[in-house]
Amino acid sequence: QVQLVESGGGLVQTGGSLRLSCAPTGPTFSRYAMGWFRQAPGKEREFVAAIDWSGGITDYTDSVKGRFTISRENAKNTVVLQMNSLKPEDTAVYYCGARTAYGLGKTTYEYDYWGQGTQVTVSS
């Protein structure tokens, strides 16, 4: 069974930074493409960032480009989302997802496994 555990969320002021980690347990995730999505109350889960299985290709939603960075730490099969210059509109529950493919995905329907989520709150 595949499990994804997110960590690193919390409360931060506008302009601050947070580092989210997604740690998989169970089978190796070397062949999985990974992504981060977020969901604010009453809204649909939306794409934030994704990375292919090798870590060579990344993509971001326009609103986070230049502020967020997704990366892989393959030795631990961990995916990290570094979030800088945070804004109140970044407030949401952030979810790590995994898909059984080499290429990255940008929609929730392309992902096979999800973590429980970690809360990010940015105060104004």
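- In terms of modelled atom types and a separation under 3.5 Å, the side chain of Tyr60 and the main chain of Ile70 share a donor-acceptor contact.
- With a 4.5 Å cut-off on side-chain heavy atoms, Ile51 and Trp36 do not count as touching.
- Leu104 forms part of a hydrophobic cluster together with Ile57, judged by ILVMFWY side-chain heavy-atom separations under 4.5 Å.
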Name each donor-acceptor pair under 3.5 Å that joins a side chain in residues 10-20 to protein atoms two or more places apart or in another chain, with its distance.
unit_1 : atom_1 : unit_2 : atom_2 : d
Thr14  : OG1    : Ser123 : O      : 2.7
Ser17  : OG     : Asn84  : OD1    : 2.9
Arg19  : NH2    : Glu73  : OE2    : 2.9

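- Not one N or O on the side chain of Gln116 forms a donor-acceptor pair closer than 3.5 Å with the backbone of Glu6.
- Residues passing the ring pair (Phe, Tyr, Trp, His ring centres under 6.0 Å) test with Tyr95, sequence neighbours excluded: none.
- Taking the salt bridge (charged side-chain N to carboxylate O under 4.0 Å, His left out) definition, one finds that Arg99 meets it with Glu110, sequence neighbours left out.
- For the pair Ala92 and Ala40, the tightest heavy-atom approach, listed with the atom from each and the gap, is CB-N, 3.9 Å.
- In this structure a side-chain-to-backbone donor-acceptor pair under 3.5 Å is present from Arg72 to Asp52.
- Applying the 4.5 Å side-chain rule to ILVMFWY residues, one finds that Val5 remains a lone member of its cluster.
- Annotation: disulfide bond (SG atoms under 2.5 Å apart) contacts involving residues 80-124, sequence neighbours excluded, comprise Cys22-Cys96.
- Among residues at least two apart or in separate chains, salt bridge (Lys or Arg N to Asp or Glu O under 4.0 Å) pairs with a member in residues 61-70 are Asp62-Lys65, Arg67-Asp90.
- Among residues two or more places apart in sequence or in another chain, the ring pair (Phe, Tyr, Trp, His ring centres under 6.0 Å) test is passed with Phe37 by Phe47, Tyr111, Trp114.
- Applying the salt bridge (charged side-chain N to carboxylate O under 4.0 Å, His left out) test to Asp112 and every residue at least two apart in sequence or in another chain returns nothing.
- Residues passing the salt bridge (charged side-chain N to carboxylate O under 4.0 Å, His left out) test with Lys43, sequence neighbours excluded: none.
- Under the rule for a salt bridge (charged side-chain N to carboxylate O under 4.0 Å, His left out), Lys87 has no partner lying at least two apart in sequence or in another chain.
- The side chain to side chain donor-acceptor pair (under 3.5 Å) test applied to Gln119 returns Thr121, not counting sequence neighbours.
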